[in-house]
Amino acid sequence: MWEIIRNTMPFLWEGLINTTWLSICAIVFGSSLGFIVGLCRAIGPVWLKKIFGGYIHLLRGSPFLVQIYIIYFVLPSTGIAIFQLSSWSAAIISLSIYTSTYVAEIVRGAIEAIPAGQFEAAKASGMTVFQSMRYVILPQTIGMILPPMGGIYVIVIKSTSVLSVIAVSELVRQAETSILRYPSHILLIYGLVAFMYGIYCYPVLRLTRWAENRWGGIHVAS
Amino acid sequence: MSISLIDFYNYRVVAQYFPNFAVGIGTTLWVSVVTLFFGLIIGTMVALCRTSKNPILRQPAAFYIQCIRSTPLLVQIYVVYFGLPALPLINRRLDEMEGGILALSINAGAYLAEIIRAGIESIDRGQIEAALASGLTYMQRMRYIILPQAMAKVVPPILGHAAIVIKDSSLLCLITVFELMSAGLKLMSDFIMPTEAFLTVAAGYLSIYFMMLYISNKIQNKLRGQRQMEVRI
């Protein structure tokens with residue numbers, strides 16, 4: 001048993017590093033996109049709110065697996081050159097878009113939780129919309145936005161496992177490859193993989209709970 | 001040269017595969033309902049253990065919830081479906097449907113337990129004290145005072161999780177359960193038509209999702225005691 005762990009560990013380690021990279025890329029791009037969408041949903045004109053409301057419903061209503069298949073298979077079949085994605089770019093794009101829906105809901109919730117008087121006071125002081133967001137509203141939302149981001153990060157880490165279906169060599173894919181080598185030790189290898197996800201996600205979950213108890217935050221269903 | 005819809009989306013092929021998609025949607029819904037049923041049973045029991053004062057009950061429940069929440073569902077499905085038959089106690093190959101529903105229920109149980117726990121803990125302390133003062137036993141307190149109130153509070157988040165379960169069931173196509181996603185993959189592997197295959201599947205899931213949204217709005221309005229429907233998008 002130890003020999004098998006010793007032999008498969010380098011593969012799995014490589015997978016864990018790829019999983020980490022994917023999740024970091026996705027949380028960075030996804031948060032940026034989600035922040036913009038959330039901002040538009042909270043203070044944008046009505047037509048923009050409707051459009052992004054539809055965006056969030058479409059992405060929340062379909063499984064992530066379907067979204068990956070659409071980005072990896074359907075987009076290239078349109079024949080447009082820029083859509084000929086490699087599996088890595090398809091993975092990062094689909095995961096970022098998926099992440100953005102969660103972030104957008106948090107940002108929107110946080111901005112809407114600020115009392116309307118704050119907006120009015122900023123306006124009465126002669127601030128532009130940009131200034132009132134920059135100096136009055138957004139500083140107050142940080143405490144509500146940051147704690148739940150930990151929960152989002154865990155969702156992102158767990159969602160990277162699904163990317164194994166388009167041959168991105170992350171943790172689950174590396175495990176599948178290792179199982180081809182040791183077919184009789186499936187339970188051991190997947191157990192090891194589960195353990196590796198666990199030691200990655202558990203500290204983040206603990207940190208999130210601590211931060212939420214300390215600062216509060218917008219609750220989103222995961 | 002005229003361009004028509006059929007160049008982009010060959011609805012004739014989709015119509016030809018309609019029986020597959022219908023069976024797929026049926027399986028998806030069935031798997032979700034069964035998962036939700038078992039998940040609620042597991043979730044209620046785990047939530048009761050999690051909120052009990054006895055550490056022998058509380059600690060394993062907390063450990064179970066943490067384990068499930070910090071590992072991906074895909075890995076859980078693989079462990080249950082491929083891993084469990086290797087254990088000497090079981091020693092037989094799980095049917096893909098059994099394995100899939102078992103894994104999904106174990107997964108949903110942990111999340112539902114957290115939802116139900118939040119519901120139980122939201123009950124005012126005075127209610128429990130009043131029940132104690134009336135001389136009710138633990139079972140009676142739970143049965144008549146706490147659970148009915150908690151249930152009314154947890155119905156909206158449970159409906160939200162039901163939508164997640166429906167989406168999660170799409171992962172079962174990877175262990176060859178024939179649900180909606182598999183129907184799309186079959187069309188894909190027969191004709192290599194990704195647009196027809198995957199956009200149809202997406203449309204199927206979206207229609208289930210919007211139906212759930214409608215039902216959940218109705219139920220929430222009923223719980224709030226309002227007559228008129230709120231339209232939210």
Side-chain angles (χ1 to χ4, degrees), chain A residues 19 49-50 53-54 56-58 60-78 151 154-155 157-165 171-172 175-176 179 184-191 193-206 219-222, chain B residues 8 28 66-87 111 114-115 118 156-157 159-161 163-164 166-171 173-174 180-181 184-185 188 192-199 201-210 212-213 232-233:
Chain A
T19 292
K49 283 185 187 173
K50 284 257 165 70
I56 286 180
H57 272 308
L58 284 184
R60 277 287 176 89
S62 55
F64 182 48
L65 187 59
V66 176
Q67 295 167 18
I68 295 172
Y69 279 136
I70 286 180
I71 285 178
Y72 190 59
F73 290 114
V74 177
L75 288 190
S77 76
T78 55
V154 172
I155 295 178
I157 295 168
K158 290 193 287 183
S159 302
T160 58
S161 66
V162 183
L163 296 172
S164 60
V165 297
L171 199 40
V172 173
E176 281 166 0
I179 282 164
S184 55
H185 293 89
I186 294 186
L187 184 59
L188 177 67
I189 291 173
Y190 278 129
V193 167
F195 180 71
M196 288 168 91
Y197 275 112
I199 50 173
Y200 188 5
C201 293
Y202 182 66
V204 183
L205 277 175
R206 281 310 285 262
H219 184 76
V220 273
S222 48
Chain B
F8 300 105
T28 291
Q66 285 300 347
C67 282
I68 298 296
R69 285 186 47 168
S70 52
T71 52
L73 173 61
L74 186 60
V75 175
Q76 291 160 15
I77 291 174
Y78 283 163
V79 165
V80 169
Y81 181 62
F82 295 117
L84 282 193
L87 287 181
Y111 289 97
E114 285 291 271
I115 292 173
L159 285 171
H161 197 80
I164 294 176
I166 291 170
K167 288 192 288 171
D168 282 349
S169 71
S170 68
L171 288 180
C173 72
L174 300 175
L180 185 49
M181 189 75 233
L185 288 173
M188 174 74 183
I192 319 185
M193 288 177 154
T195 317
E196 287 75 7
F198 297 127
L199 290 190
V201 171
Y205 279 110
L206 284 174
S207 46
I208 299 176
Y209 171 76
F210 282 114
M212 287 289 298
L213 211 62
R232 271 180 293 162
I233 194 94

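Residue numbering restarts at 1 for every chain, and letters A, B, ... go by the order of the sequence lines. Keep in mind that what you see is a predicted model, and the values were worked out from it rather than measured.
Only the side chain of B/L174 comes within less than 4.5 Å of a heavy atom of chain A; its backbone N, CA, C and O stay farther away. Neither the backbone nor the side chain of A/Q67 comes within contact range of chain B, judged by heavy atoms closer than 4.5 Å. Using a 4.5 Å cut-off between heavy atoms, A/V165 touches chain B through its side chain atoms alone. Proximity to chain A is absent for every atom of B/M193, based on heavy atoms less than 4.5 angstrom apart. Interface remark: B/L171 contributes backbone and side-chain atoms alike to the contact with chain A (heavy atom separation under 4.5 Å). With a 4.5 Å cut-off on non-hydrogen atoms, B/A202 touches chain A through its backbone and its side chain both. In this structure, chain B has a heavy atom under 4.5 Å from the side chain of A/V154, while its backbone stays farther away.
Counting heavy atoms from C-beta on, the side chains of B/R69 and A/Y202 never come closer than 4.5 Å. In this structure, A/K158 and B/L73 have side chains that are not in contact, with every pair of non-hydrogen atoms separated by 4.5 Å or more. Residues B/C173 and A/L65 form a side-chain contact, since some pair of their non-hydrogen atoms from C-beta on lies under 4.5 Å apart.
Summarising the geometry of B/V75 relative to A/A194, their closest heavy-atom pair is CG1-CB, 3.8 Å, with the distance given to 0.1 Å. In plain terms, the two heavy atoms of A/H57 and B/L206 that are nearest each other are O-CD2, 4.0 Å. Pairing each heavy atom of B/K167 with each of A/R60, the nearest pair is NZ-O, 2.8 Å. Residue A/V74 comes nearest to B/P194 through the heavy atom pair CG2-O, 3.4 Å, listed as atom of the first residue, atom of the second, then distance. In terms of heavy atoms, B/S70 sits closest to A/L205 at CB-CD1, 4.0 Å. When every heavy atom of B/L74 is checked against every heavy atom of A/S164, the shortest pair comes out as CD2-OG, 3.8 Å.
With rounding to the nearest 0.5 Å, the separation of CG in B/L84 from CD1 in A/I186 is 11.5 Å. To the nearest 0.5 Å, atom OH of residue B/Y78 and atom CD1 of residue A/I189 are 14.0 Å apart. Taking CZ from B/F198 and CD1 from A/I68, the interatomic distance works out to 11.0 Å, rounded to the nearest 0.5 Å. To the nearest 0.5 Å, atoms OH (A/Y69) and CE (B/M181) are separated by 5.5 Å.
Interface remark: of the candidates A/I56, A/V193, A/L58, A/L58 forms the most heavy-atom pairs closer than 4.5 Å to chain B. Comparing B/S169, B/S170, B/A197, B/A203 by heavy-atom pairs within less than 4.5 Å of chain A, the highest count is held by B/S170. With chain B as partner, the option from A/S161, A/S159, A/S77, A/P76 having the largest number of non-hydrogen pairs under 4.5 angstrom is A/S161.
The environment of CZ in A/F73 is crowded: more than 12 heavy-atom neighbours from other residues, nucleotides or ligands sit within 6.0 Å.
Using the six-membered ring where Trp is involved, B/F82 and A/Y190 have ring planes that are parallel, under 30° apart on the 30 and 60° scheme.
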